[in-house]
There are 2 protein chains.
Amino acid sequence: MKYLLQDLKVRVNDKIYIKDPESSDLGKRIIEHSILMIHEIGFDKFTFKKLGEKIGSNESSVYRYFENKHKLLLYLTSWYWGWLEYQLVFATNSIPDSKNKLRKGIEIITRSVKEDTSFSHINEVLLNQIVINEYSKSYLTKEVDEENKEGYFSIYKRLVIRLTDMIKDVDSDYAYPSSLSSTIIEGAMHQHFLADHFPSLTDCNKKITPTEYFIDLVFNSIKK
Amino acid sequence: MKYLLQDLKVRVNDKIYIKDPESSDLGKRIIEHSILMIHEIGFDKFTFKKLGEKIGSNESSVYRYFENKHKLLLYLTSWYWGWLEYQLVFATNSIPDSKNKLRKGIEIITRSVKEDTSFSHINEVLLNQIVINEYSKSYLTKEVDEENKEGYFSIYKRLVIRLTDMIKDVDSDYAYPSSLSSTIIEGAMHQHFLADHFPSLTDCNKKITPTEYFIDLVFNSIKK
DNA sequence: TATAGTTTGATAGTAATACTATTATCTTTG
DNA sequence: CAAAGATAATAGTATTACTATCAAACTATA
């Protein structure tokens with residue numbers, strides 16, 4: 001599996017970048033260190049100037065890869081959702097029973113990423129943290145509709161729809177499969193965030209995982 | 001009820017502002033027009049300079065009320081959650097049956113605000129839209145923990161806990177009342193957002209409301 | 001291997017943002 | 001009427017978010 005993942009290249013919509021960061025050494029360093037830096041100081045305080053200094057390069061060179069930091073965030077989060085989609089498909093593909101498949105799918109999507117896998121320059125553990133803390137900022141903008149039309153959120157949407165389909169496979173009569181799917185994905189990130197910063201607003205902690213909570217929620221709602 | 005609401009002043013943590021905007025005419029104009037402006041151009045493009053121009057005043061005067069625009073957003077959203085908490089308590093207080101009470105509570109929290117009530121300078125319809133589109137930005141920061149300690153999110157937390165208690169009253173054995181409560185409040189905003197911008201990711205639309213979806217979700221999860 | 005093309009780095013510059021400071025004016029109230 | 005307090009006007013600073021230009025380095029291929 002490690003080998004398989006090593007060769008897999010997550011395909012991000014090529015309108016998100018000016019020059020493909022996977023196509024050069026500098027591009028890869030931009031990705032690698034932007035993840036480290038956004039994780040460290042937060043997206044709001046992150047700038048291309050600071051990144052340039054960190055990678056021993058220059059602001060203007062970073063601008064040759066991404067129009068602005070918003071696009072870079074779209075790139076990183078798209079990559080993450082693509083990577084997660086791959087995990088989802090890979091882990092559930094061979095499961096014949098639709099309930100078990102859904103259970104496994106929820107597990108993949110709601111768990112927190114614990115170990116960095118094979119992509120050398122991309123740290124998935126930190127990227128998972130970034131998605132929890134910053135993803136909303138990528139779509140809570142006045143430009144959402146335009147950017148949605150451009151396909152900037154298509155990987156994320158595909159993931160939500162994959163989970164929706166798994167729900168439908170278990171109970172084709174359930175009235176809210178799309179809402180439930182989007183609630184699981186967004187809600188899991190939110191529960192992880194609350195566990196870290198607002199423990200009084202969640203039951204999730206060291207012992208109880210968001211996965212348990214969402215599996216209970218889902219299987220009580222469907223198939224009666 | 002209109003009269004009652006007219007006299008009610010939502011109490012926002014006084015560390016959020018430098019000078020209470022309710023204490024002067026200029027302060028009220030700041031609140032009134034910041035709501036209109038943030039709704040119009042979005043929080044990211046909103047600045048105190050633009051606001052000053054709009055209200056025929058001056059950047060520096062706005063700074064005498066709020067340290068920065070982040071604090072102003074905290075003020076507006078705190079006010080909103082306080083207002084919603086009032087609606088919740090007022091509407092559910094007299095309901096004896098815990099199930100009916102919870103049902104009503106979910107309705108209050110998940111519905112979209114349709115008409116501006118009595119607070120002359122605060123437009124609750126627009127403020128509801130602002131909360132949907134911008135609230136996450138107020139806590140997805142590197143300063144959350146500090147600001148949480150300062151009590152900047154206490155009204156929001158109180159609201160989540162009120163709903164948690166309503167859930168517990170219906171089923172004291174349910175394992176995830178806090179997570180369910182926070183999922184409803186955050187999830188309702190998210191479903192409204194999706195209905196507006198990503199209709200393929202939700203079942204909510206003109207005909208199906210987030211309220212229906214969440215009532216179904218909650219009452220299938222508790223009390224079996 | 002010469003040279004043309006491409007990529008990167010360095011520097012400079014602009015407009016806007018996010019403030020702070022100072023002073024003048026205007027309003028309220030004692 | 002005077003003093004205090006609030007507001008407006010102006011100026012100024014550091015940082016952000018870029019754009020433009022040019023030279024150096026590296027690469028590709030004729």
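Naming convention: chains lettered A, B, ... in sequence-line order (proteins, then strands); numbering from 1 in each chain.
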### Query
So what does A:Thr47 hit on the nucleic acid, given a heavy-atom distance under 4.0 Å: a base, only sugar-phosphate, or nothing?
sugar-phosphate
### Residues which pass side-chain hydrogen bond (donor to acceptor under 3.5 Å, both in side chains) with A:Glu53, listed by chain and number, not counting sequence neighbours
none
Can you check nucleotides 28-30 of chain C for protein contacts, nitrogen or oxygen pairs under 3.5 Å, and list what you find?
none

### Listed partners of A:Glu40 passing side chain to side chain contact (heavy atoms under 4.5 Å, CB included), at least two apart
A:Lys54
### Query
Is the B:Tyr75 ring parallel, tilted or perpendicular to the B:Phe66 ring (thresholds 30°, 60°)?
perpendicular
### Message
Restricting to side chain to side chain contact (heavy atoms under 4.5 Å, CB included), what partner residues turn up for A:Asn58, sequence neighbours left out?
### Response
A:Ser60, A:Ser61
## Note on the structure
Heavy-atom closest pair (A:Ser138 atom, A:Phe153 atom, distance to 0.1 Å) is O-CZ, 3.5 Å
### Query
Can you pull the salt bridge (charged side-chain N to carboxylate O under 4.0 Å, His left out) pairs that have at least one residue in residues 197-208 of chain B, sequence neighbours excluded?
none
### Query
Between B:Asp44 (CG) and D:dT16 (C1'), how many Å, whole number?
14 Å
### Task
Could you check how far NZ of A:Lys49 sits from P of D:dA17, rounded to whole Å?
12 Å
### Message
If I take atom CG in residue B:Asn58 and atom P in nucleotide C:dT23, what distance separates them, rounded to the nearest angstrom?
### Response
17 Å
### Message
So, using side chain to side chain contact (heavy atoms under 4.5 Å, CB included) as the criterion, who are the partners of A:Arg111 when residues are at least two apart?
### Response
A:Gln87, A:Glu107, A:Ile108, A:Thr211
### Query
Heavy atom of residues 62-78 of chain B under 4.0 Å from DNA chain C: which residues?
B:Tyr63, B:Glu67, B:Asn68, B:Lys69
### Query
Can you tell me how far P of D:dA17 sits from CG of A:Leu51, to the nearest Å?
13 Å
### Summary
Residue set satisfying ring-ring contact (aromatic ring centres under 6.0 Å, His included) with B:Tyr176, at least two apart, ordered chain then number -> A:Tyr213, B:Tyr174
### Message
Looking at B:Ser57, I'd like to know whether one of its side-chain N or O atoms comes within less than 4.0 Å of OP1 or OP2 on D:dA8.
### Response
yes
### Message
Please report the distance, rounded to the nearest Å, between CZ in A:Phe48 and C1' in C:dG9.
### Response
17 Å
### Message
The side chain of B:Ser60 is closest to which nucleotide in this list: D:dA9, C:dA18, C:dA10?
### Response
D:dA9
### Query
Under the ring pair (Phe, Tyr, Trp, His ring centres under 6.0 Å) rule, what pairs show up with a residue in residues 32-58 of chain A, not counting sequence neighbours?
A:Phe48-A:Tyr63
What pairs of donor and acceptor atoms, side-chain ones from residues 186-194 of chain B against any protein atom, are under 3.5 angstrom apart with sequence neighbours left out?
residue  : atom : partner  : partner atom : Å
B:Glu186 : OE1  : B:Tyr139 : OH           : 3.2
B:Gln191 : OE1  : A:Ser179 : OG           : 2.8
B:Gln191 : OE1  : B:Thr202 : OG1          : 2.6
B:Gln191 : NE2  : A:Ser179 : O            : 3.4
B:Gln191 : NE2  : A:Ser182 : OG           : 3.1
B:Gln191 : NE2  : A:Thr183 : OG1          : 3.4
B:His192 : NE2  : B:Thr110 : O            : 2.8

#### Entry: Whole angstrom value for the distance that separates C1' of D:dA17 from CZ of A:Phe46
13 Å
### Task
Mind checking the CD1-CG spacing from A:Ile38 to A:Leu126? Nearest 0.5 Å is all I need.
11.0 Å
### Message
What is the separation between atom CD on A:Glu59 and atom C1' on D:dC18, rounded to the nearest whole Å?
### Response
7 Å
### Gap between atoms CD1 and C1', on A:Ile55 and C:dG9 respectively (whole Å)
11 Å
### Summary
Under a 4.0 Å heavy-atom cutoff, the residues of residues 12-42 of chain B touching DNA chain D are B:Lys19, B:Ser24, B:Leu26
### Query
Who are the side chain to side chain contact (heavy atoms under 4.5 Å, CB included) partners of B:Asp165, not counting sequence neighbours?
B:Ile161, B:Lys168
### Message
Can you see if the side chain of A:Lys45 gets near the phosphate of D:dT15 - specifically, an N or O under 4.0 Å from OP1 or OP2?
### Response
no
